[in-house]
Novice: 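My questions will all concern the structure given below.
Proteins get letters first, then strands, A, B, ... in listed order; numbering begins at 1 in each.
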Protein chains: 2
Amino acid sequence: MARKQGSHAGITGPKVQEAALRLFAQHGFAAVSMRQIAAEVGVQAGALYNYTPDKQALLFDLLRDHMATLALALDQAGIAGDPLTRLDGFTRFHIRFHLRRRDAVFLSYMELRNLTPANFARIAALRRAYEDRLEAILRDGVTTGAFTLPDPRIATMALIALLTGITNWYRPDGRLSEADVSDTYLALVRQTVGAGQPAATAAPQDVSLAIGGLGA
Amino acid sequence: MARKQGSHAGITGPKVQEAALRLFAQHGFAAVSMRQIAAEVGVQAGALYNYTPDKQALLFDLLRDHMATLALALDQAGIAGDPLTRLDGFTRFHIRFHLRRRDAVFLSYMELRNLTPANFARIAALRRAYEDRLEAILRDGVTTGAFTLPDPRIATMALIALLTGITNWYRPDGRLSEADVSDTYLALVRQTVGAGQPAATAAPQDVSLAIGGLGA
DNA sequence: GTCTATAAGAGGATAGAC
DNA sequence: GTCTATCCTCTTATAGAC
């Protein structure tokens, strides 16, 4: 939609998107000029308008593409099974996807305010649809008794914030690999939903082993 | 005495801070002009420079004041006792403080990139000190066996993200009161740290009694 | 598709009157 | 302490050459 119909967008189009994404995330939408983006791409400012009607549309396209990619990737992640298995799958998927798209993640939280109301509504609906995928898992888990949660909707928002917050501190060159982080958060998420180790119900089980196979 | 307009030394300064905070949070630092702030305060743009050397310093002061207020308020919250009690106190404090200062919270996460490196380092140190207060609680809880956590530092970051994320969705006129939210998150946080119900600290003790003092 | 040139204005910050 | 006026730079977006 940002692209003129019938343009033979070769390599410049994608480069514009990539440069805009990086610069908007780094400095903020309003702080980045079209000249800066053009310089990053290696063209003059005027040439950018072959790829976007204006700066606003450039931002909206980035956010919409991010949310669409997220939904598609979740579909393709093949998350199925009992609630705990699906929760594990969602957790790993979310961490992996978001750690690899930190610029887009930051933008999609930060620059919503620069969207028109109509465009904001479209992005918010896409985000809500994603949240609902997690909420469905949590509700199923509560129904089957696998999870203990006071309010599945609140737990959904809490978990997404908890997971997405990784992008605020994780550094690829830090002490932890992505796999380390993913494993650690998997355990935290299980505890958060009350599935801990086979959890509060499991503590007695562990002990029962210690005292001579009384249970389990 | 023969002043063209009234001079309001005592009142204009705070009004500048308030207007800047609101506008920066709403539109972004770079998107707000000094003229906009001045209009909000009710003075001309030039007059703002009686209160700040430049726009940058205005932002830094807002963030530094926010972090200083946070640290002071935490000191005054009188959080003490066993780890679970202190965790509960921290949770309630954090939610209450952050829900009442949403603009400053948003700013302090989103506009760090607009600080000079030196100023960024100062704000980051203040934030780190706050995080460390929670981390100390978690480490104590792990030591006493009250909490079960794979990595207290990661759990700290996870909990702060989980709690601060409330500001992304909570609306004072929504279905939940601040007390509702606080209660629900209290339960979630306890589960997250592996303390389950308040009785979770007691569960191991009960068991240890059952098996003859083998446990803690 | 990209360039140069330019329109039309908004931006931060300062000077000096009062 | 606030005003008006101003400097100079940077901004988005367009026009028309190639």
Novice: Between C:dT2, C:dC3, D:dG1, spot the one nearest the side chain of A:Gln44, thanks.
Specialist: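 Closest of the options to the side chain of A:Gln44: C:dC3.
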Novice: Whole Å only: how far is the CG atom of B:Asn50 from the P atom of C:dA15?
Specialist: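 Going from B:Asn50 (CG) to C:dA15 (P), I get 13 Å.
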Novice: Answer with yes or no after comparing the ring centroid distance for B:Phe90 and B:Tyr130 against a 6.0 Å cut-off, counting only values under it.
Specialist: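 So the answer is yes for these two rings.
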Novice: Let me know the distance between NE2 of B:His27 and P of C:dA10, rounded to the nearest Å.
Specialist: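 So the NE2-P distance, B:His27 to C:dA10, works out to 16 Å.
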Novice: Which part of the nucleic acid, if any, lies within reach of B:Val41 when heavy atoms closer than 4.0 Å are counted: base, sugar-phosphate only, or nothing?
Specialist: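 No contact at all - B:Val41 keeps every heavy atom at 4.0 Å or more from the nucleic acid.
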Novice: In whole angstrom, give the distance that lies between atom CG of B:Leu59 and atom C1' of C:dG12.
Specialist: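 Interatomic distance, CG of B:Leu59 to C1' of C:dG12: 15 Å.
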Novice: Nearest to the side chain of A:Ala47, which nucleotide is it out of D:dC3, C:dC3, C:dG1?
Specialist: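 The closest nucleotide is C:dC3.
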Novice: Choosing from D:dA13, C:dG1, D:dT2, which nucleotide comes nearest the side chain of A:Asp54?
Specialist: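 Nearest listed nucleotide: D:dA13.
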Novice: Is any side-chain nitrogen or oxygen of A:Tyr51 closer than 4.0 Å to OP1 or OP2 of C:dT2?
Specialist: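 Yes, such a contact exists.
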Novice: Under a 3.5 Å cutoff, is there a donor and acceptor pairing between the side chains of B:Ser177 and B:Asp180?
Specialist: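 Yes, a side-chain donor-acceptor pair sits under 3.5 Å.
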Novice: Hey, which of these two, A:Met34 or B:Ala45, hits DNA chain D nearer its 5' end, going by closest nucleotide?
Specialist: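 Nearest nucleotide further toward 5': that of B:Ala45.
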Novice: Would B:Asp183 and B:Arg92 count as a salt bridge (Lys or Arg N to Asp or Glu O under 4.0 Å) here? Give the steps.
Specialist: CA-CA 8 Å; B:Asp183 289 344; B:Arg92 289 201 186 278; 3.1 Å; yes
Novice: Figure out the CD1/P separation between B:Ile11 and D:dT2, and round it to whole Å.
Specialist: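 About 11 Å, once rounded to whole Å.
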Novice: What is the distance from NZ of A:Lys55 to P of C:dG9, rounded to the nearest Å?
Specialist: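 In whole Å, C:dG9 P and A:Lys55 NZ are 19 Å from each other.
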Novice: In this structure, how many angstroms lie between the C1' atom of D:dT6 and the CZ atom of B:Arg35, rounded?
Specialist: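 One finds 10 Å between C1' of D:dT6 and CZ of B:Arg35, rounded.
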Novice: Side chain of B:Lys15, backbone of B:Gly42: donor and acceptor closer than 3.5 Å?
Specialist: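 Answer holds: no.
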Novice: Let me know the distance between NZ of B:Lys15 and P of D:dG1, rounded to the nearest Å.
Specialist: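 Whole-Å distance recorded here is 15 Å.
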Novice: With a 4.0 Å cutoff (strictly under), does any side-chain N or O of A:Thr12 reach OP1 or OP2 of C:dG1?
Specialist: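 So the side chain of A:Thr12 is outside the cut-off, no N or O lying under 4.0 Å from OP1 or OP2 of C:dG1.
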Novice: To the nearest Å, give me how far apart CG (B:Leu48) and C1' (D:dC3) are.
Specialist: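 Value for this atom pair: 12 Å.
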Novice: Any idea which of C:dG12, D:dG1, D:dA13 is nearest the B:Ser33 side chain?
Specialist: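 Ranking C:dG12, D:dG1, D:dA13 by closest atom to the B:Ser33 side chain puts C:dG12 first.
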Novice: Measuring from the side chain of B:Tyr49 (C-beta onward, heavy atoms only), which nucleotide among C:dA13, D:dC3, D:dG1 has the closest atom?
Specialist: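 It is C:dA13.
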Novice: Under 4.5 Å between any side-chain heavy atoms of B:Thr148 and B:Val142, yes or no?
Specialist: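 SC-SC contact between B:Thr148 and B:Val142 ruled out.
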